[in-house]
**Q** 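What follows is a single structure, and I will ask about it in a moment.
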Amino acid sequence: MPELPEVETVRRGLAPHVEARRVLRLDQRRPDLRFPFPDRFADRIEGRRIVAAARRAKYLLLRLDDGWTWLVHLGMSGRFTIADPGGKGPAKARSAQAGHNSGWALIDKHDHVLVELEGGVRLVYNDVRRFGFMDLIETAREDDSPHLARLGPEPLDPAFDGAALSAALRGKNTPIKAALLDQAVVAGLGNIYVCEALWRAGISPKRRAASVPGLRAQRLTEAVRAVIAEAIEAGGSSLRDYVQADGELGYFQHAFDAYDREGTPCRRPGCGGTIRRIVQSGRSTFYCPDHQR
DNA sequence: ACGAGAACCTGTTTGC
DNA sequence: TGCAAACAGGTTCTCG
């Protein structure tokens, strides 16, 4: 899934196509994704104008002109793309497994929400594993919504500094790897970028979170910031499912130093270590035992 | 109260 | 070659 850089890339891809456009039709093709859709979901969006495409952590926030925000989480395999009226490009990127014709050209069986906007713009939300979800929240009170209320700082926000991270990690016995995946500590990191940030900061993923204060925490915030900024710059990572809004693939995966590099030489100059894979709270961690302490 | 693990769902890769 | 187990970017709930 999409971690913060991928969601930001999707946001940037969608924004010029959706902003200031009215939603003419929304076709919700099943009652739920990870959770049920809110009541009268399509009715409450059809006829509204999308005034802005924003993002908080891994949430895409489409601001509507009636004071509500259409919240989208892509889960592990969600894609939100611009459909090409000609059926090429994104349709191809969505791996056109035989679908059926619904008046929207050929659709995939995992295309769960189809949207038609003014000007002939069509959006497709596709999600194979259905871990994603959508909701409608009041824009003025969105910070109090259950989805957003407990999120920590954005990694690129200046408020995310060494002192703030130290404070968030205080008293935590869990490994630093797990702590960074906690969206209340810092919002938007996932398995890949946590591994990358720890590699850069030279911190062992097994180290107790509370033992990363002061200078180490400072270095860690800088590593997180750099990894996230570079990944956004590269248009995100393309693993199995992820594609940008226009169906193009991201490039950051070519820059991984740790993630999915088990058994390969550590790329840190002069290190000489070998990347190892371990499992922490049920998920793969990739790190270099030599320079990550 | 905290932290580890399971559960949610489908598709692809790996290993015997 | 074939089949089954392992694994995949996230979040949330339960259990100890």
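Reminder, nothing fancy here: chain letters follow the sequence lines and each chain counts from 1.
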**Q** Pick the P atom in dC3(C) and in dC9(B), then give their distance to the nearest Å.
**A** 26 Å
**Q** If you only use heavy atoms from C-beta on, which nucleotide in dC7(C), dG10(C), dG11(B) is closest to the side chain of R34(A)?
**A** dG10(C)
**Q** With rounding to the nearest 0.5 Å, note down the distance linking CZ in R21(A) to CD in E118(A).
**A** 7.5 Å
**Q** When the side chains of residues 170-181 of chain A are checked against the rest of the protein, which donor-acceptor pairs come out under 3.5 Å, sequence neighbours left out?
**A**
{"unit_1": "N173(A)", "atom_1": "OD1", "unit_2": "R208(A)", "atom_2": "NH1", "d": "2.5"}
{"unit_1": "K177(A)", "atom_1": "NZ", "unit_2": "N191(A)", "atom_2": "OD1", "d": "2.9"}
{"unit_1": "K177(A)", "atom_1": "NZ", "unit_2": "S284(A)", "atom_2": "O", "d": "3.3"}
{"unit_1": "K177(A)", "atom_1": "NZ", "unit_2": "T285(A)", "atom_2": "OG1", "d": "2.7"}

**Q** If you write DNA chain B from 5' to 3' in dot-bracket form, with Watson-Crick or G-U pairs under 3.5 Å, [ ] for crossing pairs and | for pairs with another strand, what do you get?
**A** .|||||||.|||||||
**Q** Would you please confirm or rule out a distance under 4.0 Å between OP1 or OP2 of dG10(C) and any side-chain N or O of H73(A)?
**A** no
**Q** Where the side chain of D32(A) meets the backbone of R34(A), is there a donor-acceptor pair that is under 3.5 Å apart?
**A** no
**Q** Tell me the interatomic distance from E262(A), atom CD, to dT13(B), atom C1', rounded to whole angstroms.
**A** 14 Å
**Q** Would you say T174(A) places a side-chain N or O within less than 4.0 Å of OP1 or OP2 belonging to dA4(B)?
**A** yes
**Q** S284(A) side chain: which of dG3(B), dC8(B), dA8(C) is closest?
**A** dA8(C)
**Q** When the distance from NE2 of H112(A) to C1' of dC8(B) is rounded to whole Å, what number comes out?
**A** 13 Å
**Q** dC9(B) base to R129(A) side chain: any donor-acceptor pair below 3.5 Å?
**A** yes
**Q** With a 4.0 Å cutoff (strictly under), does any side-chain N or O of Q280(A) reach OP1 or OP2 of dA4(B)?
**A** no
**Q** Among dG3(B), dA8(C), dC9(B), which nucleotide has an atom closest to any side-chain atom of M76(A)?
**A** dA8(C)
**Q** Contact class for R277(A) vs. all strands (heavy atom < 4.0 Å): base, sugar-phosphate, or nothing?
**A** sugar-phosphate
**Q** Calculate the interatomic distance between R130(A) atom CZ and dA8(C) atom C1'; express it in whole Å.
**A** 17 Å
**Q** Rounded to the Å, how far apart are Y59(A) OH and dG10(C) P?
**A** 12 Å
**Q** What do you reckon, do F131(A) and the base of dC9(B) stack, with centroid distance below 5.5 Å and planes below 30°?
**A** no
**Q** At less than 4.0 Å, is any side-chain N or O atom of R283(A) found next to OP1 or OP2 of dC7(C)? Yes or no.
**A** no
**Q** Side chain of R29(A), backbone of V113(A): donor and acceptor closer than 3.5 Å?
**A** no
**Q** Give a yes or no on whether Y59(A) and F35(A) share a hydrophobic cluster (residues Ile, Leu, Val, Met, Phe, Trp, Tyr; joining criterion: side-chain heavy atoms under 4.5 Å apart).
**A** yes
**Q** Separation of R150(A) atom CZ from dC2(B) atom P, in whole Å?
**A** 12 Å
**Q** Which one, dC8(B), dA4(B), dG3(B), comes nearest to the side chain of K172(A)?
**A** dG3(B)
**Q** If the threshold is 4.0 Å, N to carboxylate O, is there a salt bridge linking K109(A) and D111(A)?
**A** no
**Q** Tell me whether the OP1 or OP2 atom of dT11(C) has a side-chain N or O from K58(A) closer than 4.0 Å.
**A** yes
**Q** Under the 6.0 Å and 45° cation-pi test, does R44(A) pair with W68(A)?
**A** yes
**Q** Rounded to whole Å, please give me the gap between CG in N191(A) and C1' in dA8(C).
**A** 10 Å
**Q** Among dA8(C), dC9(B), dT11(C), which is the nearest nucleotide to the side chain of Y259(A)?
**A** dA8(C)
**Q** Among dG3(B), dT10(B), dC8(B), which is the nearest nucleotide to the side chain of H110(A)?
**A** dT10(B)
**Q** Please state how far atom CG in D260(A) lies from atom P in dC7(C), giving the value in whole angstrom units.
**A** 13 Å
**Q** What is the distance, to the nearest angstrom, from the CD atom on E3(A) to the P atom on dT11(C)?
**A** 9 Å
**Q** If you count heavy atoms of other groups shown closer than 6.0 angstrom to CD of E233(A), is the number above 12?
**A** no
**Q** Which value, in whole Å, describes the distance between the P atoms of nucleotides dA1(B) and dG10(C)?
**A** 27 Å
**Q** Checking all strands, does P175(A) fall into the base, sugar-phosphate, or nothing category for heavy-atom contacts under 4.0 angstrom?
**A** sugar-phosphate
**Q** In whole Å, measure the gap between the P atoms of dA7(B) and dA5(C) for me.
**A** 16 Å
**Q** Is the count of non-hydrogen atoms from other residues, nucleotides or ligands lying under 6.0 Å from D39(A) atom CG greater than 12?
**A** no
**Q** If you pin F133(A) and V279(A) to their nearest nucleotides in DNA chain C, which one's is more 5'?
**A** V279(A)
